[in-house]
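In what follows, chains carry the letters A, B, and so on, assigned in the order in which the sequence lines appear, proteins first and then strands, with residues in each chain numbered from 1.
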There are 2 protein chains.
Amino acid sequence: MDQEFKKQETNSTGTGYLPGLAIDTVIFGFHESELKVLLLTYKNTGFFALPGGFVHEDEDINQAARRILFHRTGLKDIYLEQFYTFGDKSRHDTAPLKKIMAARGFFPEDNHWLLSRFVSIGYYALVDFTKAIPSPDSISDSCDWFNLTDLPGLMQDHQHIIAKALQTIQLDLDHKLIGFNLLPEHFTMGELQGLYETILNKKLLRAAFQRKMLSFGVLERIAKKWTGGAHKAPYLYKFISGSK
Amino acid sequence: MDQEFKKQETNSTGTGYLPGLAIDTVIFGFHESELKVLLLTYKNTGFFALPGGFVHEDEDINQAARRILFHRTGLKDIYLEQFYTFGDKSRHDTAPLKKIMAARGFFPEDNHWLLSRFVSIGYYALVDFTKAIPSPDSISDSCDWFNLTDLPGLMQDHQHIIAKALQTIQLDLDHKLIGFNLLPEHFTMGELQGLYETILNKKLLRAAFQRKMLSFGVLERIAKKWTGGAHKAPYLYKFISGSK
DNA sequence: TTATTATTGTATCATTATGTTACAATAATA
DNA sequence: TATTATTGTAACATAATGATACAATAATAA
């Protein structure tokens, strides 16, 4: 899989890829009451960036997004949604990419395909934090979770892409049942509420939240969870539905 | 403006355009209780298609969408929204395009840029039917409104693009105030309700609809409209708001 | 001029959804 | 066995929406 990058650098015309088209994925996770995104750093540069990639000539763009997602998290069958395509001409800034390549000892001609203007299709993914295993590759030093509230400086317009992704899931949360994708298979009502509160960035009323969630009829009560606290044990729930 | 097409055909490598990237616009209008979309036919082929175009090298994709929209309708300051990017590899079908070009007496090599695989960014526009003047150009025979309920056979996946656009405005209609863009400056409550009913494809309750619309506080009552009917005259309203 | 007709604007009440408070149930601990 | 904190849910209050009813009023006909 890591040949992918060598292939991208070496063949200066980008044969085998759709020209000028990139995919960036905002991979959301949730842990300890914090919404997180997966970021990587490019080797020896300290640049933080969203996991992304390019589309093969014989590949649907959605397939490409899944491939990239799998590559970073090791996960298949993930909730993945295209949310916006970014194509301002101001995105075209070759400096960071040149540095990234230089740090690998590669000094491309100015007409190298990777230095041309790219339009990027944004996808967001919702993954179970406990199942996803971030994996760096030959081109990146690290690939790790960052709190959404405490992001490092990001390459290009990646900050903006994340903001737009967040905005999208905030809107989607109300009318699609997507929240569950961020939790482990079993969860308490309190955990689910905490997730909603974090995404929407506001407090919700406990009684009303529970009533509403149960009214959807997609939660199956599994067992009790004895947390060790001196109080009633919460139930564990699991998401059930034809659609996931 | 019509040189645009000659430029696209003649220069076989597509210099000046972003390669492999197209824009398709679903331009919605509303007239006589029918939702309409603007379609064009390519000269001497009878192919129906969405108005579309390509992105200039020095242009934001949103600018490109506005340029295409202006070119077709003569309108600026139109409500325009990107809704999805279509990039299945199955879209790549050179046959129709070859016929279109052949009908113009142009027979491109197989490696002509227009025959390569394209990813298309979909935009939808909401326009005042009474203001938009559909205009064909050198490459198209006609450019006309078609009822959404009675579309002709369309090129490639344009049917699917329209379906996705419709789905998007149905969802947007609830939480954005976008409906007004499809009506003339002044309209009655009945006309507004008819518009909503057509888009959502269901009957709404008159009293509740009126109460809700007025509660938004974005409607200014202008005057009465004497229709000639033997009944109370409805008020004319106008949309007022900082955001349009 | 006045009755008739169809449609509009809105009040009224019914129903449903949501906000809010309260309290019994219950694990762990003292 | 009492205490504590938290959960699940009942109960009530308020707000939003569904449904019906009716007065207001342009045009037309008597």
Using the test ring-ring contact (aromatic ring centres under 6.0 Å, His included), find all partners of F129(A) that sit at least two apart in sequence or belong to another chain.
H31(A), W145(A)
Name all pairs fulfilling the salt bridge (charged side-chain N to carboxylate O under 4.0 Å, His left out) condition that reach into residues 161-170 of chain A, sequence neighbours left out, sorted by first residue then second.
none
Show me the dot-bracket string of DNA chain C, counting Watson-Crick or G-U pairs under 3.5 Å, with | for pairs to another strand and [ ] for crossing ones.
||||||||||||||||||||||||||||||
Checking S33(A) now: which residues fulfil side chain to side chain contact (heavy atoms under 4.5 Å, CB included) with it, not counting sequence neighbours?
none
In chain order, what residues pass the side chain to side chain donor-acceptor pair (under 3.5 Å) check against Q210(A), with sequence neighbours excluded?
none
Can you name the residues that form a side chain to side chain donor-acceptor pair (under 3.5 Å) with T130(B), not counting sequence neighbours?
D128(B)
Could you work out, with ring-ring contact (aromatic ring centres under 6.0 Å, His included) as the rule, every residue matching F187(A), not counting sequence neighbours?
F180(A)
Excluding sequence neighbours, so at least two apart, what forms salt bridge (charged side-chain N to carboxylate O under 4.0 Å, His left out) with E197(A)?
K203(A)
Qualifying salt bridge (charged side-chain N to carboxylate O under 4.0 Å, His left out) pairs with a residue from residues 211-221 of chain B, counting only residues at least two apart or across chains
none
Of all the choices, dA27(C), dA21(D), dT7(D), which nucleotide is nearest to the side chain of P234(A) once you look at every atom?
dT7(D)
Pair F86(A) and H160(A), ring centroids less than 6.0 Å apart
yes
Going by number, which of residues 190-204 of chain A have a non-hydrogen atom under 4.0 Å from DNA chain D?
none
Of all the choices, dG9(C), dT20(D), dT7(D), which nucleotide is nearest to the side chain of A207(B) once you look at every atom?
dT20(D)
Would you mind building the protein contact string for nucleotides 14-19 of chain C? One character per nucleotide, 5' to 3', B for base within reach (heavy atoms under 4.0 Å), S for sugar-phosphate only, - for untouched.
----BB
Under the salt bridge (charged side-chain N to carboxylate O under 4.0 Å, His left out) rule, what pairs show up with a residue in residues 142-152 of chain B, not counting sequence neighbours?
none
